[in-house]
Protein chains: 2
Amino acid sequence: MFPLTLESLSRADADAHVAYPIFKLVCDATQARPVNPPRPGSQCDHCVVHWACLASAIPYGQRDGLDRMVHTWRRIAKGAPLFRAGDSFHALYAIRSGSFKTVVSHPHGISRVTGFHLAGETLGLDGIADSHHSCDAVALEDSTVCSMPFHCIEALCHDIYPLQHRLHQLLAEEIVHESRLMLISRLTAEARVAAFLLNLSGRMQERGYSSSSFTLRMTRREIGSYLGMQLETVSRLLSRFQREGWITVSGRNIELTDKAALAVL
Amino acid sequence: MFPLTLESLSRADADAHVAYPIFKLVCDATQARPVNPPRPGSQCDHCVVHWACLASAIPYGQRDGLDRMVHTWRRIAKGAPLFRAGDSFHALYAIRSGSFKTVVSHPHGISRVTGFHLAGETLGLDGIADSHHSCDAVALEDSTVCSMPFHCIEALCHDIYPLQHRLHQLLAEEIVHESRLMLISRLTAEARVAAFLLNLSGRMQERGYSSSSFTLRMTRREIGSYLGMQLETVSRLLSRFQREGWITVSGRNIELTDKAALAVL
DNA sequence: CGCATTTTTGACGAATATCAAAAAAAGTGG
DNA sequence: CCACTTTTTTTGATATTCGTCAAAAATGCG
């Protein structure tokens, strides 16, 4: 017979001291993925995060499709929603600048931050399920997004196979990301906060910022909601990491001074 | 200014005594979704869960596409994997009979059950992200699945828009499902177990079984892994629910005798 | 029938939540 | 630009849920 224990399924064969992406780095698919440059003069020309965008799946020969897909920009003020749960869905959004949180709520009053999203990432995929958004997307700072009407995307998918495939990938990556995220509930609060800082660090680096010194755009409460703990616990752990000499905290400014120490938690 | 607190985002406006699907009922999209019957003589003829299957998105006029898509059946013995994390991805699987668990693992040795899947549900979506599966899918009992090679699906999507749209929906539903699942970490262990039982109850009913009396196909340990608690806690809570007169437990046989009581936890 | 696995139950401990209050930072309006 | 208010953050003291350890009972499988 086959042993059905959980232990038999955990591949505990790796070096425990290697930092491993519990939080999948959202843009790690760029390694193997075709990234087509935008046509000069198009909406996407000079966009610093084109490399991460769904639109980069459109090959050079069909570049006019890009302008059919990427319609308008929107400016979202800090604290304002890009969309809210229940809103009818009609477009995907590429974050051009700034950052967002997504929040899932339950009528009983509980809610949880399900993600923090940086420039280049795509918002709104949840709305495809039943043409209504299932979460709130709120700007953490003044931000800009590109709207890509979903009916345009689906129409273009018919003609441009790489776009269709990229959309499928994007959706599946979100599924994988979320299932990986569920693993954090098995970590101590300490390990969760460390993993969170390292994840953010990597994503800042991908965007050309320092990986060791950056500003948190979210509150301790939001971090706690995302990681499944109370804000006080987040605060205490950041303080302790600082006492240990692993980080320097000053309000929302973080400096990672010993990433290796964080990685082994 | 816009208040950025979490509280401001939780729509705590609903009756707290109404049972609400924290666990999204996986097949609730059937309400509005077109379900096309299989052509007599096709692979899908007489399949009792055709209504829930991706193949049901293929309209009557293009029914031969269905046979191009649904290639082969596979029999999976209890405890055997349908696929494992790292396996290369080439097909989606529709569960024709039986049930599965999916398990995500981390090299450090931690792992978590991310879902229990019943007949009619689709497995393997995670593999689309990078052509490799990111979780294990293991049969909880002797089961059968239909293989749908993904390149066939993508090719058919080009000709059959309803299929393309349904695939997008299926992927997005999985995203929504997982983000809803993250909310359970904010519930007490008690409320999680109650929600789990009610969710299973509803899904059994959708499949024509009794919603008040059914057999758990998974161990207490697997339930605990799914709900983020220890097996002892699951066991203790089931015992307590029985003492309270809300359920009757006999090993893996469960009878829900007071669903309303479970719903308010 | 006998061994392995799963389940139950108890006692105890530890991690984290909760409550509280002060300090710091950010936003507001004159 | 500065006082004023509100929000966020920090830190301590205490409470509590749930995890851990252990052992017996029940179940399932070859």
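Here the structure is a predicted model, which is why all the values come from computation and not from measurement. Chain identifiers are assigned alphabetically (A, B, ...) following the order of the sequence lines, protein sequences preceding nucleic acid strands; residue numbering begins at 1 within each chain.
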Nearest whole Å is fine: how far is [N] [atom2] from [X] [atom1]?
| X | N | atom1 | atom2 | answer |
| --- | --- | --- | --- | --- |
| A:Leu187 | C:dT16 | CG | P | 10 Å |
| B:Arg221 | D:dT20 | CZ | P | 11 Å |
| A:Glu232 | D:dT9 | CD | P | 11 Å |
| B:Asn253 | C:dT6 | CG | C1' | 15 Å |
| B:Leu227 | D:dG19 | CG | C1' | 15 Å |
| B:Glu190 | D:dT16 | CD | P | 16 Å |
| A:Leu216 | D:dT9 | CG | C1' | 13 Å |
| B:Leu237 | C:dT7 | CG | P | 15 Å |

Query raised in the report: Among A:Glu141, A:His117, A:Glu121, whose side chain to side chain donor-acceptor pair (under 3.5 Å) with A:Ser99 holds?
Result: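 Of A:Glu141, A:His117, A:Glu121, side chain to side chain donor-acceptor pair (under 3.5 Å) with A:Ser99 is met by A:Glu141 alone.
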
Check every atom of [options] against the side chain of [X] and return the nucleotide holding the closest atom.
| X | options | value |
| --- | --- | --- |
| B:Ser235 | D:dT10, C:dT8, C:dG27 | C:dT8 |
| A:Leu231 | C:dA17, C:dT8, D:dT9 | D:dT9 |
| A:Gln230 | D:dG19, C:dA17, C:dT16 | C:dA17 |

Query - Any B:Arg252 side-chain N or O less than 4.0 Å from OP1/OP2 of C:dT7 - result: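 Yes, B:Arg252 has a side-chain N/O under 4.0 Å of OP1/OP2 on C:dT7.
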
Requested in this report: Can you label the angle between the B:Phe89 ring and the B:His133 ring as parallel, tilted or perpendicular, going by 30° and 60°?
Outcome: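 Correct class here is perpendicular.
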
Query raised in the report: Across the strands shown, which category fits A:Thr233 at heavy-atom distances under 4.0 angstrom: base, sugar-phosphate, nothing?
Result: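 Contact class for A:Thr233: sugar-phosphate only.
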
Report task. Would you indicate what B:Ser239 reaches in the nucleic acid, counting non-hydrogen atoms under 4.0 angstrom: base, sugar-phosphate, or nothing? Result ->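 The residue B:Ser239 makes sugar-phosphate contact but no base contact.
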
Query raised in the report: Under 3.5 Å, is there an N or O donor on one side and an acceptor on the other linking the side chain of A:Arg236 and the base of C:dT18?
Result: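 Yes, a donor-acceptor pair under 3.5 Å.
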
Query raised in the report: So, do B:Phe116 and B:Tyr226 have ring centers that fall under 6.0 Å from each other?
Result: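 Judged by ring-centre distance (under 6.0 Å), B:Phe116 and B:Tyr226 do meet the cut-off.
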
**Report entry** Sequence-distant partners of B:Thr248, side-chain hydrogen bond (donor to acceptor under 3.5 Å, both in side chains), two or more places apart
**Finding:**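 B:Thr248 satisfies side-chain hydrogen bond (donor to acceptor under 3.5 Å, both in side chains) with no residue once adjacent residues are dropped.
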
Query raised in the report: Does B:Lys78 come within less than 4.0 Å of B:Asp142, counting only side-chain N to carboxylate O?
Result: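 A salt bridge is absent here (no side-chain N lies under 4.0 Å from a carboxylate O).
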
